Amino acid sequence: MLSTVVKQLKHHPALIPLFIFIGGGATMSMMYLGRLALRSPDVSWDHKNNPEPWSRLGPNDRYKMFAVNMDYDKLKKDRPDF
């Protein structure tokens, strides 16, 4: 199957950018899903030792990918401890 794709790309070189962009998009989407699975406080891989990972986040912990005009260092705790 891979040899057929290579043969078609040699015959139609205009398809090369299409394969590059589709491959790059698939790679970036898989990297983003990996980031969500490993860094998000909503995902708990260890239910015995850390059943509610969102409870351990402090007000200064940054878990968003980017925040516009938000300084996490100056935030104060506004919720009770449970």
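Note that this is a predicted model, so its numbers are computed, not measured. Numbers here simply count residues along the sequence, with the first being 1.
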A.B. asks: Are there over 12 heavy-atom neighbours, none belonging to His11, within less than 6.0 Å of that residue's NE2?
C.D. replies: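 No, NE2 of His11 has 12 or fewer neighbouring heavy atoms, counting only those of other groups under 6.0 Å.
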A.B. asks: How is the hydrophobic cluster of Val5 composed, in terms of its other members, when Ile, Leu, Val, Met, Phe, Trp and Tyr link through side-chain heavy atoms under 4.5 Å apart, directly or indirectly?
C.D. replies: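 Val5 shares its hydrophobic cluster with Leu9, Leu15, Ile16, Leu18, Phe19, Ile20, Ile22.
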A.B. asks: Sequence neighbours excluded and cut-off under 3.5 Å, please list the side-chain donor-acceptor pairs for residues 24-31, or say none.
C.D. replies:
residue, atom, partner, partner atom, Å
Thr27, OG1, Gly23, O, 2.8
Ser29, OG, Gly25, O, 3.3
Ser29, OG, Ala26, O, 2.8

A.B. asks: Would you name the heavy atoms of Pro17 and Pro13 that are closest together and state the gap between them?
C.D. replies: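 The answer is CD-O, 4.0 Å.
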